[in-house]
Structure formats: structure tokens, C-alpha cells
Amino acid sequence: MKIALGADHAGYQLKECIKEFLAEKGHEILDCGTDSDISVDYPEYGFNVGKAVIENKADSGIVVCGTGIGISIAANKVKGIRAALCTDSYMAKMARQHNNANILALGARVIGQGVALDIVETFLTTSFSGWKHARRVDMISGFEQRS
């Protein structure tokens with residue numbers, strides 16, 4: 001699987017940890033930045049990961065900032081993106097099964113590295129269940145297209 005990663009300065013260290021974790025699992029990584037812990041603006045990295053997923057340069061994405069809130073809002077501004085901010089594995093499982101989330105958002109200042117990697121693993125190994133949830137995701141996509 002090819003995964004786009006992006007983070008601001010607050011999420012940089014966790015992004016690098018996730019990158020190593022994914023590489024060990026055999027995933028291909030598209031690093032959309034940043035490349036240090038020097039202060040940057042998170043929207044750029046949320047947009048870049050969102051665009052990579054929508055343009056099929058990556059199968060899914062992971063974005064990280066201090067809380068995960070700002071970068072998930074930015075990623076969700078890319079038409080077709082369903083970025084889910086998750087703080088535990090159950091949320092990651094539901095984000096995939098029920099919402100067909102295509103980007104995972106994490107808060108580096110909110111969760112620890114071990115929890116983050118568990119969330120990443122759950123997100124990437126859980127499939128969309130379809131069924132009644134497909135109708136709901138289609139409703140979201142339809143509204144987005146009309147807006």
C-alpha cells in the first residue's frame with residue numbers, strides 16, 4: 001500500500017516514527033513534509049496529503065499536528081477527502097468501517113507513540129463495511145459535489 005504522510009513541526013517526530021513503522025511493514029511512503037521541527041503552517045501539509053490521495057498518488061494518508069484538529073480540518077477541505085481524527089483504535093476502526101475515511105489524523109501532543117502506531121495499524125488493516133454505511137458516505141459525497 002502507498003501511504004502519503006504529512007505533518008507540521010509539532011507532528012514531525014511522530015510522522016518520522018510512523019514512516020519507519022510503515023516501511024518496516026513493507027508500505028511505500030510518499031512524504032509530503034515537513035522535514036524538521038521548525039515552525040511551519042499545518043494547512044499546507046493537510047492539503048498536500050489530501051491532494052495526493054485524491055490524485056491517486058497514494059492509497060490513503062496520515063496527517064499529524066499537535067492536536068490533529070487543524071491538519072484534519074485542512075485535509076477535509078480537499079474535495080473527496082474524509083479525514084478522521086482518531087485518539088484510539090476503536091475510533092480508527094469505526095472511521096474505516098462506517099465512514100470509509102481515507103486519511104487518518106493524529107495529535108502528537110495528545111497521544112503517545114505506542115498508541116499512535118496501534119491506531120495506524122488498525123486504520124490500515126480495517127476495511128469499509130459498505131452496506132447502510134455506503135448510503136451515508138454517498139450522501140456526504142453528494143452534498144460535497146453540490147456545494
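These figures come from a predicted structure and were not determined experimentally.
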Does NZ belonging to K93 count more than 12 external heavy atoms closer than 6.0 Å? no

Any donor-acceptor pair under 3.5 Å linking the side chain of R96 with the backbone of A101? yes

Should F47 and I62 be counted in the same cluster of Ile, Leu, Val, Met, Phe, Trp and Tyr side chains packed under 4.5 Å apart? no

What one should report as the nearest heavy-atom pair of V64 and I71 is O-CD1, 3.6 Å

Supply the atom-to-atom distance T122 OG1 to Y90 OH, rounded to the nearest 0.5 angstrom. 12.5 Å

Look only at the side chain of H98 and the backbone of H133, and say whether a donor-acceptor pair between them is shorter than 3.5 Å. no

Tell me whether T126 contacts the main-chain N or O of F123 through its side chain, where contact means a donor paired with an acceptor under 3.5 Å. no

How many angstroms lie between CG in L5 and NZ in K19, if you round to the nearest 0.5 Å? 7.5 Å

Show the nearest heavy-atom pair for residues S60 and L124, with the distance to one decimal. OG-CD2, 3.6 Å

Take a 6.0 Å sphere around CG of D138 and say whether it holds more than 12 heavy atoms from other residues, nucleotides or ligands. yes

Considering only heavy atoms from C-beta outward, does the side chain of E16 approach that of D31 to under 4.5 Å? yes

Rounding to 0.5 Å, atoms OH (Y42) and OG1 (T67) come to a distance of 8.0 Å

Give me the atom names and distance for the closest heavy-atom approach of T87 to V115. O-CG1, 3.9 Å

Give a yes or no on this: more than 12 heavy atoms of other residues, nucleotides or ligands lie within 6.0 Å of atom CD of Q113. no

Nearest 0.5 Å, please: how far is CD1 in I111 from CD1 in I119? 4.0 Å

Quick check on the hydrophobic clustering: are L106 and I29 connected, directly or via other members, by side-chain heavy-atom contacts under 4.5 Å? yes

Quick one: does any side-chain atom of K15 pair with a main-chain N or O of T34 as donor and acceptor, under 3.5 Å? yes

Any heavy-atom pair between the side chains of K57 and K2 that's under 4.5 Å? no

Test your reading of the model: is there a side-chain donor-acceptor pair from D8 to the backbone of A10, 3.5 Å cut-off? yes

Looking at V120 and F21, what are the two nearest heavy atoms and their distance? CG1-CE2, 4.1 Å

Whether the side chain of S129 engages the backbone of Q97 through a donor-acceptor N/O pair (distance < 3.5 Å, no angle test) should be reported. yes

N48 side chain to E44 main-chain N or O, any donor-acceptor pair under 3.5 Å? yes

If you count every heavy atom of other residues, nucleotides or ligands that lies below 6.0 Å from Y45 atom OH, does the total exceed 12? yes

Test I103 against V78 for side-chain contact (heavy atoms from CB on, under 4.5 Å), laying out the working first. CA-CA 11 Å; I103 292 182; V78 177; over 6 Å; no

Connected via hydrophobic side-chain network under 4.5 Å: V63 and I18: no

M91 CE to L85 CG distance, which is reported to the nearest 0.5 Å: 6.0 Å

Show the nearest heavy-atom pair for residues P43 and A74, with the distance to one decimal. CA-CB, 3.6 Å

Any F128 side-chain heavy atom under 4.5 Å of V137 side chain: yes

Mind listing the closest non-hydrogen atom pair of G70 and C65 along with its distance? N-SG, 4.0 Å

Going through the checks in order, is the side-chain contact (heavy atoms from CB on, under 4.5 Å) test met by L30 and I3? CA-CA 6 Å; L30 174 63; I3 302 160; over 6 Å; no

Does N102 reach the main-chain N or O of I81 with its side chain, forming a donor-acceptor pair under 3.5 Å? no

Return the OG to CG distance between S89 and L117, rounded to the nearest 0.5 Å. 10.5 Å

